[in-house]
Protein chains: 2
Amino acid sequence: MNFTISEENYIKSIYHLQQQSGIVNTNSLAAQMHTRAASVTDMLKKLKNKKLLQYERYKGFKLSETGKKVALQVVRKHRLWEFFLVEKLKFDWDKVHAIAEELEHISSDELVQRLDNFLGNPSFDPHGDPIPDKNGRIPTINQQNLTNIPLKKTVTVSSVGNQAPQMLEMLKHYNIALGTQVSVLNKFEFDGSLQIKIFKQNPCIISEQVAKNIFVHYAE
Amino acid sequence: MNFTISEENYIKSIYHLQQQSGIVNTNSLAAQMHTRAASVTDMLKKLKNKKLLQYERYKGFKLSETGKKVALQVVRKHRLWEFFLVEKLKFDWDKVHAIAEELEHISSDELVQRLDNFLGNPSFDPHGDPIPDKNGRIPTINQQNLTNIPLKKTVTVSSVGNQAPQMLEMLKHYNIALGTQVSVLNKFEFDGSLQIKIFKQNPCIISEQVAKNIFVHYAE
DNA sequence: AAATATTTTTAGATTTGTCTAAATTTTAAT
DNA sequence: ATTAAAATTTAGACAAATCTAAAAATATTT
Ligand SMILES: [Mn+2]
Ligand SMILES: [Mn+2]
Ligand SMILES: [Mn+2]
Ligand SMILES: [Mn+2]
């Protein structure tokens with residue numbers, strides 16, 4: 001089946017929201033999509049008609065199994081294109097989201113599969129997010145955010161929670177990228193900020209808010 | 001300024017039609033776009049309002065200078081993406097048009113420029129059509145169709161006139177691609193068909209209709 | 001439990017792009 | 001010069017996606 005760009009964007013947003021909260025409500029989706037609650041309700045009816053959504057009015061909603069499959073294909077395309085933009089076209093990682101937001105709607109299945117192969121079947125996108133495979137399966141990694149890491153243990157940055165351009169820009173300033181080796185030297189009780197040592201750099205301090213959005217795994 | 005996908009498709013079609021005939025009329029555009037004359041008229045009004053078109057009702061129309069620039073950028077994107085699909089993703093040349101028809105509407109200028117560089121700033125797309133540069137300038141080549149070539153002279157295939165999948169499939173069957181060396185052995189007066197010799201193959205016969213759509217230049 | 005606030009849905013409008021059918025204009029034929 | 005044919009435009013309708021304002025349902029507070 002084929003979906004409009006708008007439908008795909010809604011489906012993807014619902015998918016991301018329900019990953020966190022299980023069930024999604026109208027206002028949070030409206031906020032995520034930068035649209036109005038009334039518009040969301042209209043689209044929910046369409047998606048329910050197409051059996052992509054479990055939805056009863058006033059009761060919240062979540063994707064059906066079919067809906068989830070559609071969402072995963074859009075996510076797959078988004079992350080593969082982001083990988084292409086960074087690895088092949090040398091875009092900075094904080095510049096690719098908006099472009100991938102358009103490219104993810106190109107419809108050819110063969111294109112996606114060939115792109116995947118051309119890129120060497122990558123498992124993670126430039127922000128460390130897992131790329132679903134052709135069947136929608138997602139590779140898992142054991143990762144935790146920096147606030148949960150014991151002191152002095154060296155870990156590797158594996159992904160970024162908040163991917164707002166502001167956050168990514170900040171990480172660029174700190175010289176933190178995926179794969180960067182870090183250890184936590186000190187945790188300050190007053191505001192939860194962390195003193196960290198970044199490989200080959202002088203120790204510096206990051207706020208708790210930033211630390212919570214830096215995910216890491218133990219070095220192999 | 002930014003245009004909708006539909007506007008871009010109309011602008012591009014008008015551009016291609018006026019390349020041949022100077023001025024364009026409603027019905028031929030409707031045919032080209034697989035739409036109805038009434039829809040064309042509606043869009044003409046929009047494009048005229050946006051100063052992309054010189055248009056007076058019942059009198060035909062053509063692109064303004066601004067309109068031509070927009071068209072050339074869309075053509076540029078279309079042909080760069082086609083090149084990408086064939087050279088990098090190894091698509092057959094008869095499978096890329098429909099996909100490029102979508103990709104040409106991705107809006108980022110930086111993307112186009114980086115793609116161009118990544119591909120090595122190609123001058124011609126997989127069908128031998130020239131790729132406009134950033135400023136809309138088009139490389140020219142001296143080419144003629146096969147019916148105008150003197151007998152026994154060896155020439156190189158440089159582009160294809162009719163690019164319908166049926167035509168491209170046929171050329172694939174004949175083993176004719178861009179760069180293929182050909183010479184005309186004989187011209188049959190009865191139906192205008194040509195006996196030709198394709199490099200490393202036995203002589204074969206092609207119809208006048210096919211010959212007219214094979215453009216060639218003299219080998220360097 | 002009643003009143004108030006929040007969330008969600010409906011009603012009705014708007015924009016974009018399309019369509020059919022009818023009217024108008026231009027062109028070609030008698 | 002009329003008439004007939006072809007091309008083009010207008011009138012009016014429709015689907016998709018959005019919006020604002022008002023109504024309805026649910027949740028929270030007194
Ligand atoms: Mn998108
Ligand atoms: Mn990403
Ligand atoms: Mn197109
Ligand atoms: Mn082409």
Side-chain angles (χ1 to χ4, degrees), chain A residues 1-14 17-18 20-63 67 70-71 74 101-102 104-105 107, chain B residues 1-15 17-18 20-63 67 70-71 74 101-102 104-107:
Chain A
M1 211 168 288
N2 253 0
F3 305 99
T4 67
I5 291 175
S6 196
E7 286 169 339
E8 287 188 347
N9 283 331
Y10 272 95
I11 292 166
K12 196 183 61 166
S13 282
I14 295 169
L17 285 173
Q18 77 182 23
Q20 304 171 318
S21 35
I23 207 154
V24 189
N25 53 342
T26 305
N27 273 344
S28 50
L29 183 52
Q32 175 98 351
M33 302 273 305
H34 304 105
T35 187
R36 303 307 180 130
S39 311
V40 169
T41 303
D42 288 344
M43 182 58 86
L44 294 178
K45 289 178 198 162
K46 279 179 228 167
L47 296 179
K48 187 186 179 176
N49 269 335
K50 297 193 177 186
K51 316 264 189 208
L52 297 164
L53 204 64
Q54 285 161 28
Y55 165 55
E56 279 189 86
R57 68 196 207 299
Y58 293 105
K59 301 282 163 119
F61 47 90
K62 62 180 178 181
L63 294 176
V70 175
V74 180
E101 201 55 50
E102 292 184 52
E104 72 190 358
H105 305 291
S107 58
Chain B
M1 211 169 284
N2 253 2
F3 305 99
T4 67
I5 291 175
S6 197
E7 285 169 339
E8 287 189 346
N9 283 332
Y10 272 96
I11 292 166
K12 196 183 61 164
S13 282
I14 296 169
Y15 173 81
L17 285 173
Q18 78 182 24
Q20 304 172 317
S21 37
I23 206 154
V24 189
N25 52 344
T26 305
N27 273 342
S28 51
L29 182 52
Q32 176 99 354
M33 302 275 305
H34 305 106
T35 186
R36 301 308 179 129
S39 311
V40 169
T41 303
D42 288 344
M43 181 57 85
L44 294 178
K45 290 179 198 161
K46 278 179 226 165
L47 296 179
K48 187 186 180 173
N49 271 335
K50 296 193 176 183
K51 315 262 190 213
L52 298 165
L53 204 64
Q54 285 160 27
Y55 165 56
E56 280 189 87
R57 70 197 206 300
Y58 292 105
K59 303 280 165 119
F61 46 91
K62 60 179 180 183
L63 294 175
V70 174
V74 180
E101 202 54 50
E102 291 183 54
E104 70 190 358
H105 305 291
I106 305 293
S107 58

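To find a chain, count down the sequence lines: A is the first, B the second, and so on, and within it residues start at 1.
- Using a 4.5 Å cut-off on side-chain heavy atoms (C-beta onward), Ile14(A) and Leu53(A) make contact.
- Counting only residues at least two apart or in different chains, salt bridge (charged side-chain N to carboxylate O under 4.0 Å, His left out) contacts with residues 4-13 of chain B comprise Glu7(B)-Lys50(B), Lys12(B)-Glu101(B), Lys12(B)-Glu104(B).
- For Glu102(B), there are no salt bridge (charged side-chain N to carboxylate O under 4.0 Å, His left out) partners, not counting sequence neighbours.
- Atom CG of Leu44(B) is separated from atom C1' of dT8(D) by 10 Å (rounded to the nearest Å).
- Annotation for Ala71(B) and Leu63(B): closest pair CB-CD1, 4.0 Å, computed over non-hydrogen atoms.
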Side-chain donor-acceptor contacts of residues 24-36 of chain A below 3.5 Å, not counting sequence neighbours, with atom names and distances?
from	atom 1	to	atom 2	distance (Å)
Asn25(A)	OD1	Ser28(A)	OG	2.5
Ser28(A)	OG	Asn25(A)	O	2.9

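- For Arg36(A) and dT20(D), the shortest distance from a side-chain N or O to OP1 or OP2 is below 4.0 Å.
- Lys51(A) pairs by the side-chain contact (heavy atoms from CB on, under 4.5 Å) definition with nothing, not counting sequence neighbours.
- Listed by residue number, the members of residues 48-61 of chain B with any heavy atom below 4.0 angstrom from DNA chain C are Tyr58(B).
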For this session: Determine, for nucleotides 11-16 of chain D in 5'-to-3' order, which nucleotides have protein heavy atoms under 4.0 Å from the base (write B), from only the sugar-phosphate (write S), or from neither (write -).
Result: -----S

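- Using a 4.0 Å cutoff to heavy atoms of chain A, the contacted part of DNA chain C runs 5' to 3' from dT7(C) to dT10(C).
- Heavy-atom distances under 4.0 Å link DNA chain C to Asn25(A), Thr26(A), Asn27(A) of residues 24-34 of chain A, given in residue order.
- The phosphate of dT18(D) (OP1 or OP2) has no side-chain N or O of Ser39(A) nearer than 4.0 angstrom.
- With contacts defined as side-chain heavy-atom distances shorter than 4.5 Å, the pair Phe3(A)/Leu52(A) qualifies.
- Residues that satisfy the side-chain contact (heavy atoms from CB on, under 4.5 Å) test with Ile5(A), not counting sequence neighbours, are Asn9(A), His105(A).
- Applying the side-chain contact (heavy atoms from CB on, under 4.5 Å) criterion to Ser6(B), with sequence neighbours excluded, gives Thr4(B), Tyr10(B), Met43(B).
- Taking Lys48(B) as the reference, Tyr55(B) meet the side-chain contact (heavy atoms from CB on, under 4.5 Å) condition, with sequence neighbours excluded.
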